[in-house]
Protein chains: 2
Amino acid sequence: MKGKDIILGILSTSDKTGYEINDILQNQLSYFCDGTYGMIYPTLKKLEQAGSISKQEIIQSGKPNKNIYSITDKGQREFAEYLSADVAPSTFKSDFLLHLFFGADLPKEQVEKLIKEELARKKGQLQQLLDNYQMWQQQGISQTQLITVNYGIVQYKAVIEFLQSQLDELN
Amino acid sequence: MKGKDIILGILSTSDKTGYEINDILQNQLSYFCDGTYGMIYPTLKKLEQAGSISKQEIIQSGKPNKNIYSITDKGQREFAEYLSADVAPSTFKSDFLLHLFFGADLPKEQVEKLIKEELARKKGQLQQLLDNYQMWQQQGISQTQLITVNYGIVQYKAVIEFLQSQLDELN
DNA sequence: CATCGCATGTAAGCAGTTACATGATTTG
DNA sequence: CAAATCATGTAACTGCTTACATGCGATG
């Protein structure tokens, strides 16, 4: 699961500019992958040079010009290959858990603060997913996409409930 | 949350060799961070050069010699600083979800296979955590560590239950 | 008049991965 | 006798992050 796979995936559904790809990444896919402009534009360039995607320049007045990228047949084959390949193990990195794990000597208030902050972050992320969910329900969403959204929702809800219970127990 | 922070955290509780650090990383902390020898040894070297940890060489016969690392006062201060700093956002990357999200055209059997495999992986990870849990109960575990373990368990259980329900629905 | 949205890109650097290299002892 | 365990390390590479650079129009 590299930047390349994510971008080919997004372009496999419809043509997009780098800016729009970033938007999708930040707002719709952020619960299971990430990416920044610093990754997106160089990756688009490489994919174009490799012939996996093609670029169409749109001259705009008033706004900056934009490049709309489309996936080519070669790109489609490449992405199909990725889809049929083995699933790479997922990674979860939590600085919050590292703090807690090695923070045995932390004062109670500090622990409480850590948990409260994590709770707020998770609630925010859940809300973002729920907002997307509504948008998707209107726009239409595939059966498999629905599974991924619910995967995220279920995971967030479980964690939020757990953190809340820990906070209650602390008092 | 860099390799440096993880290693200082491990050494803040007791002296360890690089080999033992790897073992802890793979078996006890793997549900929220990772690391390989290629990261561990260079990081230990840098930390020693910076005076954050110190090395004691143990000559062994029959086995390879080993270097036992201890955290220094400077390292302890460094780690305390890390602990009191802001918590970095967590990251979750799932190749499984990327496959599902863009695999709208995947045949039903393929989707079922994907979910079954993910289910098996998650069950394995949960089992590892539960095994650790038992070990920790015997060895003793801090209150904050207990929270982190339960965080992991709750998260895994929620995902496993969800995947199982999706599998049932598919048939 | 400041900030947000639209829009694209590069360059330097870093943290970590992968692959390689070595080797004795113990266990199945 | 093969594989696992103990044990350490380097070198090349890669993939991404961070910071920088630009600029107009609309919104508040």
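Values below: all heavy atoms of this structure, side chains included; hydrogens, waters and symmetry mates excluded. So that the names make sense, note that chain A is the first sequence line, chain B the second, and so on, each numbered from 1.
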**Q** Taking any heavy-atom pair under 4.0 Å as a contact, classify A:Thr17: base, sugar-phosphate, or nothing.
**A** sugar-phosphate
**Q** C:dC6 P sits how many Å from A:Ile68 CD1, rounded?
**A** 14 Å
**Q** Have a look at B:Ser61 and say if it touches a base, only the backbone sugar-phosphate, or nothing, with a 4.0 Å heavy-atom cut-off.
**A** nothing
**Q** At what angle, to 10 degrees, do the two end axes of the helix from C:dC1-D:dG28 to C:dG28-D:dC1 meet, given five pairs define each axis?
**A** 60°
**Q** Rounded to the nearest Å, what distance is computed from the CG atom of residue A:Asn67 to the C1' atom of nucleotide C:dC6?
**A** 13 Å
**Q** Determine yes or no for a side-chain-to-main-chain donor-acceptor pair under 3.5 angstrom, with A:Lys55 supplying the side chain and A:Leu44 the backbone.
**A**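 Here the side-chain-to-backbone pair does not exist.
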**Q** Check the angle between the aromatic planes of B:Tyr151 and A:Phe162 and answer parallel, tilted or perpendicular using the 30° and 60° thresholds.
**A**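 The rings of B:Tyr151 and A:Phe162 stand perpendicular, inter-plane angle above 60°.
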**Q** Can we say B:Lys116 and B:Glu112 salt-bridge, meaning some charged N sits less than 4.0 Å from an Asp/Glu carboxylate O?
**A** yes
**Q** How long is the gap from CG on B:Leu106 to NE2 on B:His99, to the nearest 0.5 Å?
**A**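 If we round to the nearest 0.5 Å, B:Leu106:CG and B:His99:NE2 are 8.0 Å apart.
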**Q** Does A:Gln60 put a side-chain nitrogen or oxygen below 4.0 Å from OP1 or OP2 of C:dC6?
**A** no
**Q** Could you pick out which residue, A:Pro64 or A:Gly3, lies toward the 5' side of DNA chain D when each is mapped onto its nearest nucleotide?
**A**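 Its nearest nucleotide lies further toward 5', so the answer is A:Gly3.
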**Q** When we call it a touch if two heavy atoms are under 4.0 Å apart, what does A:Gly38 touch: a base, just sugar-phosphate, or nothing?
**A** base
**Q** If you walk 5' to 3' along DNA chain D, what is the first nucleotide with an atom under 4.0 Å of a heavy atom in chain B, and what is the last?
**A** D:dT5 to D:dT10
**Q** Does the side chain of A:Thr148 come under 3.5 Å of the side chain of A:Tyr31 through a donor N or O and an acceptor N or O?
**A**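 Short answer, yes.
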**Q** Would you kindly say whether A:Tyr82 and A:Asp5 are connected by a side-chain donor-acceptor distance under 3.5 Å?
**A** no
**Q** Assign each of B:Lys66 and B:Lys93 to its nearest nucleotide of DNA chain D by heavy atoms, then name whichever residue's nucleotide is nearer the 5' end.
**A** B:Lys66
**Q** Between the main-chain N or O of A:Leu100 and the side-chain N or O of B:Thr144, is there a donor-acceptor pair closer than 3.5 Å?
**A**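 Flag set: sc B:Thr144 to bb A:Leu100 pair under 3.5 Å.
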**Q** Determine: side-chain N/O of A:Lys45 to OP1/OP2 of C:dT10, distance under 4.0 Å, yes or no.
**A** yes
**Q** Between the side chains of B:Lys45 and B:Glu48, is the shortest nitrogen-to-carboxylate-oxygen separation below 4.0 Å, so that they form an ion pair?
**A** no
